[in-house]
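Convention: sequence-line order gives letters A, B, ...; per-chain numbering from 1. These figures come from a predicted structure and were not determined experimentally. No hydrogens, no waters, no symmetry mates; every other heavy atom, side chains included, goes into these values.
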There are 2 protein chains.
Amino acid sequence: MELTEAEFLRCYNVSLYERPSFTVDLVIFTVCDEQLRVLLVRRAEHPFKDQWALPGGFLDLQRDDSVENCAMRKLVEKTGMRAPYLEQLKTYGSRERDPRGWTATTVYFALMASNSISLAEDPEGVRWAPVQGEGVDKALAFDHAHILADAVVRLRSKLEYTHIAVHLLSEAFTLPELQQIYEIILQQPLDKSSFRRRVIQAGMLEEIAGKLRDGSGRPAQLYRFRDYGRKTFFPRSISRYAR
Amino acid sequence: MELTEAEFLRCYNVSLYERPSFTVDLVIFTVCDEQLRVLLVRRAEHPFKDQWALPGGFLDLQRDDSVENCAMRKLVEKTGMRAPYLEQLKTYGSRERDPRGWTATTVYFALMASNSISLAEDPEGVRWAPVQGEGVDKALAFDHAHILADAVVRLRSKLEYTHIAVHLLSEAFTLPELQQIYEIILQQPLDKSSFRRRVIQAGMLEEIAGKLRDGSGRPAQLYRFRDYGRKTFFPRSISRYAR
DNA sequence: CCCATTAGTTGCAACAAGAAACTATTGGAG
DNA sequence: CTCCAATAGTTTCTTGTTGCAACTAATGGG
């Protein structure tokens with residue numbers, strides 16, 4: 001359905017010029033090579049030409065039925081994955097964040113397993129950058145360093161009370177692998193027996209047949225994530241004071 | 001700075017018609033009369049004319065420096081408060097949510113103390129509606145019932161690991177008052193001694209001089225919220241398995 | 001002065017976590 | 001074949017937290 005500008009204005013009773021530029025950006029995390037990494041693309045256009053930025057872009061109002069659909073479409077375009085974990089992070093909108101003026105962007109964060117991704121910087125200017133170190137945070141376009149920092153905070157926080165980390169591994173994984181994901185993201189070693197107790201008692205993993213042989217040492221039991229609809233767990237939450 | 005449409009298009013390399021209508025809406029909670037209530041306004045225009053809706057509206061690109069500023073401005077306009085709690089909830093954007101076509105709205109949720117609000121429905125069509133019961137959820141315009149439900153989930157969830165409930169009380173409050181806020185929002189009675197232990201041990205409250213005399217019974221100690229910058233606390237978090 | 005009422009504390013059993021030592025299962029060297 | 005390194009997984013014990021109930025404390029009113 002095409003409208004003239006006049007029709008548009010009558011419909012909405014607000015000038016088109018009152019609308020900020022609106023985009024969708026993605027923070028796509030993976031854990032690879034023992035580091036938390038994020039997908040960056042090199043900007044081809046001004047502003048911030050040739051600097052690294054989070055992938056994203058404008059909505060396609062014809063194709064995208066919703067902001068979430070748009071984010072999912074862009075995620076598939078960039079990574080070619082099928083059923084990734086995708087969650088809305090936050091919307092950033094201000095006059096200052098883009099030198100061209102008022103813009104808003106809704107940012108999603110995604111998690112993907114590191115198998116089947118390529119680490120090498122490819123000619124199109126796409127790169128899996130380690131989140132810590134290498135001054136990644138200082139080199140990013142727009143307010144993307146700030147956005148990335150927020151995403152890392154959210155990711156760390158959600159490790160505490162959800163099972164989202166399983167989306168950073170392939171469908172079948174072992175508990176030592178899962179613990180390593182936690183240790184890499186939280187940047188500290190965890191106690192093995194406490195970690196196992198908690199993850200198992202939360203009851204969202206199930207054993208599957210087969211063991212993972214890793215070259216040396218005892219093979220580890222394989223598990224699969226079982227989504228019972230329960231998204232979070234608070235081991236000792238206030239609502240358990242119920243009498 | 002005024003631009004012609006042609007300049008605009010050259011800047012952004014995307015048609016204006018590609019931009020969805022963008023608004024900011026508010027879910028303003030208070031606890032009053034032993035119920036969790038939300039501020040609703042009656043719509044004066046189509047669509048959903050005369051139905052109740054969350055307060056909100058378009059950005060003012062001249063006055064609002066950011067989406068958050070816009071939300072704060074609207075909150076002050078609606079409630080006249082000075083330093084309320086305001087947090088971004090989520091952005092809802094799709095072709096379906098408004099019969100006029102593609103729209104996006106960034107929703108903030110706010111908490112305010114129930115003193116100095118008026119409960120009576122005023123002539124301008126503003127109302128503090130109880131969140132539960134009265135079929136509020138079914139009567140709302142657009143997808144506002146869905147948004148309200150999300151806000152309630154977020155509020156309940158954040159009670160578990162933050163102190164945001166203090167923003168529903170005046171600056172000086174007692175622990176029994178705070179516990180009652182929790183019980184109203186979580187819809188279940190809580191154990192007194194466990195509640196007090198946890199809230200005090202989190203270390204974000206400090207005693208202040210004076211006791212609250214409530215007519216009958218022993219007067220209660222007054223407390224004040226002390227914001228140490230720590231926003232959340234997980235009593236037993238995975239990162240405490242650190243070795 | 002006693003009692004109802006609400007505030008706040010204490011004591012204890014049950015349970016969860018922290019830490020370390022223990023057993024189990026594999027591959028590989030000799 | 002045996003032993004050892006290496007990693008997985010369990011057990012045990014101590015310590016701390018929670019659920020619960022009974023207790024004390026402070027106020028107003030009959």
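Distances were taken from every side-chain heavy atom of B:Ser194 (C-beta onward) to each of C:dA7, D:dT18, D:dG9; the shortest belongs to D:dT18. Nearest to the side chain of B:Ala220, among C:dT26, D:dG28, C:dG8, sits C:dG8.
In this structure, B:Gln188 contributes its side chain and B:Glu183 its backbone to no donor-acceptor pair below 3.5 Å.
Distance B:Glu177 CD to C:dG8 P: 10 Å, rounded to the nearest Å. Atom CG in A:Asp191 sits about 16 Å away from atom P in D:dT15, given to the nearest Å. A straight line from CZ of A:Arg198 to C1' of C:dC15 spans 15 Å, rounded to a whole angstrom. One interatomic measurement links the two molecules: NZ of B:Lys211 to C1' of D:dA26, which rounds to 9 Å at whole-angstrom precision. Going from atom CD of A:Gln188 over to atom P of C:dG18 covers 11 Å, rounded to whole Å. Look at CG on B:Asp214: it is 12 Å from P on D:dG28, rounded to the nearest Å. Rounded to an integer number of Å, the gap from CG of A:Leu212 to P of C:dT25 is 17 Å. Distance, B:Arg213 CZ to D:dG28 C1': 11 Å, rounded to whole Å.
Contact check on A:Arg224 versus A:Glu207 returns no salt bridge, with no Lys/Arg side-chain nitrogen under 4.0 Å from an Asp/Glu carboxylate oxygen.
Applying the salt bridge (Lys or Arg N to Asp or Glu O under 4.0 Å) rule to pairs touching residues 104-113 of chain B yields nothing, sequence neighbours excluded.
For B:Thr30, the side-chain contact (heavy atoms from CB on, under 4.5 Å) partners two or more places apart in sequence, or in a different chain, are B:Cys32, B:Arg37, B:Met112, B:Ser114, B:Ile117, B:Trp128. In this structure, the side-chain contact (heavy atoms from CB on, under 4.5 Å) partners of A:Asp50, at least two apart in sequence or on a different chain, are A:Arg42. For A:Ala165, the side-chain contact (heavy atoms from CB on, under 4.5 Å) criterion is met by A:Leu159, A:Leu178, A:Ile181, A:Tyr182, not counting sequence neighbours.
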Contacts under 3.5 Å, N or O only, protein and nucleotides 9-13 of chain C:
none

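In terms of position on DNA chain C, the residue among A:Ser216 and B:Leu222 whose nearest nucleotide sits closer to the 5' end is B:Leu222.
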Listed pairs under 3.5 Å, donor-acceptor, residues 210-223 of chain B side chains, sequence neighbours left out:
unit_1	atom_1	unit_2	atom_2	d
B:Lys211	NZ	B:Gln221	OE1	3.3
B:Gln221	NE2	B:Ile208	O	2.8

